[in-house]
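Atoms considered below: every heavy atom in the structure, side chains included; atoms not considered: hydrogens, waters and symmetry mates. This structure is a prediction, so every number in the text was calculated from the model and none was measured.
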Amino acid sequence: MTHDTPPSTPDPDADGGNARRRREAIRQRVIDERFVRIKDLAAAHGVSTMTIHRDLDELQTTGWLRKVRGGATAEPSASYHGDVRHRRQAMADEKRALAEAAAHLVGVGATVMIDESTTALELARLLPARGPVTVITNFLAAVNALTGESGVDLIALGGAYYPAYDAFLGLRTTEAIRSLRADMLFMSTTAITNGQCYHQSQETVAVKRALMESADRRVLLADHSKFTKNGLFQLAPLTDFDLVVVDAATPEAEVAAQRSRGVRLHVAGRDGMPSWPPPAER
């Protein structure tokens with residue numbers, strides 16, 4: 001007696017090139033349509049729903065989308081804050097106010113580190129007017145904004161490129177950071193809960209910690225929405241920063257609560273222009 005052997009089904013992930021192309025197509029569809037069902041993606045690409053689940057897990061890990069019941073969305077939420085395109089559009093006025101306040105802390109000849117946050121990108125645009133300055137960053141958008149600017153010596157940090165963040169992250173990036181020293185760091189955070197900064201990405205946390213360790217002074221730029229969001233991985237307490245700059249829409253109760261924790265907090269547009277704390281206070 002003979003038995004028919006069913007034809008083998010090729011593993012859709014066996015060809016890395018096919019998987020990459022499929023995930024890129026999925027990423028673009030989710031961004032364009034804002035929500036796509038898993039079963040529709042499986043039908044469109046001729047693969048199993050389990051393969052689509054793996055694709056969405058990978059895209060979520062790299063920050064492109066948020067996996068939800070039955071599908072995936074590009075809509076921001078309390079725990080998912082969108083890709084870099086969305087983040088550049090969100091809280092634009094507040095980010096400009098924070099950047100204008102922070103720029104007054106940058107002196108001629110300073111060496112400044114900025115992270116991959118879109119808030120720090122607003123500050124980057126103001127730095128040529130504060131020059132000459134040296135700027136160190138892993139944010140490709142900031143590198144592009146400062147390329148060719150007179151008065152700016154630009155040091156771009158390499159590493160593994162993460163398109164969702166438009167930034168270089170990973171081990172090589174942290175090693176490059178630790179070989180340098182800056183007068184000051186300007187950075188932002190995804191969420192602030194109980195006086196602690198949080199992010200959704202471990203890679204982001206590792207790079208930000210390296211930046212903090214390599215700067216003599218640290219400034220956190222945080223618009224009021226950061227106090228209403230959630231993050232998975234703890235970065236650092238607000239008290240690890242020499243100064244935290246928030247916008248004028250930050251509730252007074254939140255400002256008072258943070259100051260009661262010992263956070264040196266400046267409200268942009270309300271407290272005048274910020275200044276560095278005396279050495280005894282740091």
Chemist: Return the CG to CE distance between Leu157 and Met113, rounded to the nearest 0.5 Å.
Modeler: 6.5 Å
Chemist: Please check this pair: side chain of Ser214 against backbone of Ile177, looking for a donor-acceptor N/O pair closer than 3.5 Å.
Modeler: yes
Chemist: Hey, what do you get for CG (Asp40) to OG1 (Thr49), rounding to the nearest 0.5 Å?
Modeler: 12.0 Å
Chemist: Test of understanding: clusters of I, L, V, M, F, W, Y form through side-chain heavy atoms closer than 4.5 Å, transitively. Do Val152 and Leu126 belong to the same one?
Modeler: no
Chemist: Look at the side-chain heavy atoms of Ile, Leu, Val, Met, Phe, Trp and Tyr, link any pair under 4.5 Å apart, and say whether Leu171 and Leu235 land in one connected group.
Modeler: no
Chemist: Please name the pair of heavy atoms, one in Ala110 and one in Met184, separated by the smallest distance, quoted to 0.1 Å.
Modeler: CB-CE, 3.9 Å
Chemist: Roughly how far, to the nearest 0.5 Å, is the NZ atom of Lys208 from the CG atom of Leu169?
Modeler: 9.0 Å
Chemist: Ignoring hydrogens, what is the shortest heavy-atom contact between Asp183 and Gly109? Give both atom names and the distance.
Modeler: OD2-O, 4.3 Å
Chemist: Among the clusters formed by ILVMFWY side chains lying less than 4.5 Å apart, do Phe233 and Met212 turn up in the same one?
Modeler: yes
Chemist: Taking all non-hydrogen atoms of both residues into account, name the closest pair between Leu56 and Gly71 and its distance.
Modeler: CD1-O, 4.1 Å
Chemist: Flag yes if Met273 and Val112 sit in one hydrophobic cluster, no otherwise; membership is Ile, Leu, Val, Met, Phe, Trp, Tyr, and two members link when side-chain heavy atoms are under 4.5 Å apart.
Modeler: no
Chemist: Salt bridge check: are Arg96 and Asp93 linked by an N-O gap of less than 4.0 Å?
Modeler: yes
Chemist: Under a 4.0 Å threshold between the charged nitrogen and the carboxylate oxygen, would Lys67 count as salt-bridged to Asp57?
Modeler: yes
Chemist: Measuring only between side-chain heavy atoms, which start at C-beta, is Phe186 closer than 4.5 Å to Leu220?
Modeler: no
Chemist: Can you list the steps and then say if Tyr162 with Glu116 is a side chain to side chain contact (heavy atoms under 4.5 Å, CB included)?
Modeler: CA-CA 11 Å; Tyr162 283 62; Glu116 83 295 341; over 6 Å; no
Chemist: Looking only at non-hydrogen atoms, find the nearest pair between Ala236 and Gln196 and report the distance.
Modeler: C-OE1, 3.4 Å
Chemist: More than 12 heavy atoms of other residues, nucleotides or ligands under 6.0 Å from CZ of Arg270: yes or no?
Modeler: yes
Chemist: Going from NZ on Lys39 to CD1 on Ile52, what distance comes out if it is rounded to the nearest 0.5 angstrom?
Modeler: 14.0 Å
Chemist: With rounding to the nearest 0.5 angstrom, report the CG to CG distance, Asn144 to Asp166.
Modeler: 7.0 Å
Chemist: Between Thr173 and Gly158 (side chain of the first, backbone of the second, donor and acceptor by atom type, cut-off under 3.5 Å), is there such a pair?
Modeler: yes
Chemist: Do the side chains of Leu232 and Tyr165 join up, straight or via other hydrophobic residues, at under 4.5 Å, putting them in one cluster?
Modeler: yes
Chemist: Does a side-chain heavy-atom distance below 4.5 Å link Phe241 with Cys197?
Modeler: yes
Chemist: Restricting to non-hydrogen atoms, name the atom on Leu98 and the atom on Ala268 that form the minimum distance, rounded to 0.1 Å.
Modeler: CD2-CB, 4.3 Å
Chemist: Can you tell me if Arg261 uses its side chain to pair, donor with acceptor, with the backbone of Thr239 under 3.5 Å?
Modeler: no
Chemist: What I want to find out is whether Arg259 reaches Asp271 closely enough, with some N-O distance under 4.0 Å, to be called a salt bridge.
Modeler: yes
Chemist: Of all heavy-atom pairs between Thr174 and Ala206, which one has the smallest distance, and what is that distance?
Modeler: CG2-O, 3.7 Å
Chemist: Assess whether side chain to side chain contact (heavy atoms under 4.5 Å, CB included) is satisfied between Leu221 and Ser117, documenting all intermediate values.
Modeler: CA-CA 9 Å; Leu221 308 176; Ser117 66; over 6 Å; no
Chemist: Between Asp115 (side chain) and Ser188 (backbone), is there a donor-acceptor pair under 3.5 Å?
Modeler: yes
Chemist: Would you confirm whether Asp55, through its side chain, and Arg23, through its main-chain N or O, come within 3.5 Å as a donor-acceptor pair?
Modeler: no
Chemist: When you look at Thr118 and Glu122, which way does the side chain to side chain contact (heavy atoms under 4.5 Å, CB included) test go after all the steps?
Modeler: CA-CA 7 Å; Thr118 53; Glu122 289 298 322; over 6 Å; no
Chemist: Side chain of Asn138, backbone of Phe168: donor and acceptor closer than 3.5 Å?
Modeler: yes
Chemist: Would you check if the side chain of Asp242 reaches a backbone N or O of Arg218 as a donor-acceptor pair within less than 3.5 Å?
Modeler: yes
Chemist: Does any non-hydrogen side-chain atom of Val36 lie less than 4.5 Å from one of Ile26?
Modeler: no
Chemist: Compare all side-chain heavy atoms of Pro128 with those of Leu146 and state whether any distance is below 4.5 angstrom.
Modeler: yes
Chemist: Could you tell me whether the side chain of Val246 reaches within less than 4.5 Å of the side chain of Leu265, counting heavy atoms only?
Modeler: yes
Chemist: CZ of Arg181: more than 12 outside heavy atoms within 6.0 angstrom?
Modeler: yes
Chemist: With heavy-atom distances below 4.5 Å as the criterion, would you say the side chains of Arg22 and Val47 are in contact?
Modeler: yes
Chemist: Can you tell me if Thr137 uses its side chain to pair, donor with acceptor, with the backbone of Ile114 under 3.5 Å?
Modeler: yes
Chemist: For a side chain to side chain contact (heavy atoms under 4.5 Å, CB included) check, start with the C-alpha distance between Val244 and Gln258, then their side-chain angles and the critical distance, and finish with the verdict.
Modeler: CA-CA 10 Å; Val244 176; Gln258 301 306 332; over 6 Å; no
Chemist: Before accepting this row, confirm whether a basic side-chain N of the pair Glu24/Arg27 lies closer than 4.0 Å to the acidic partner's carboxylate O.
Modeler: yes
Chemist: Per the side chain to side chain donor-acceptor pair (under 3.5 Å) rule, which among Lys229, Gln234, Lys226 passes with Tyr198?
Modeler: Gln234
Chemist: Could you state the interatomic distance from CG (Leu211) to CZ (Arg178), rounded to the nearest 0.5 Å?
Modeler: 9.5 Å
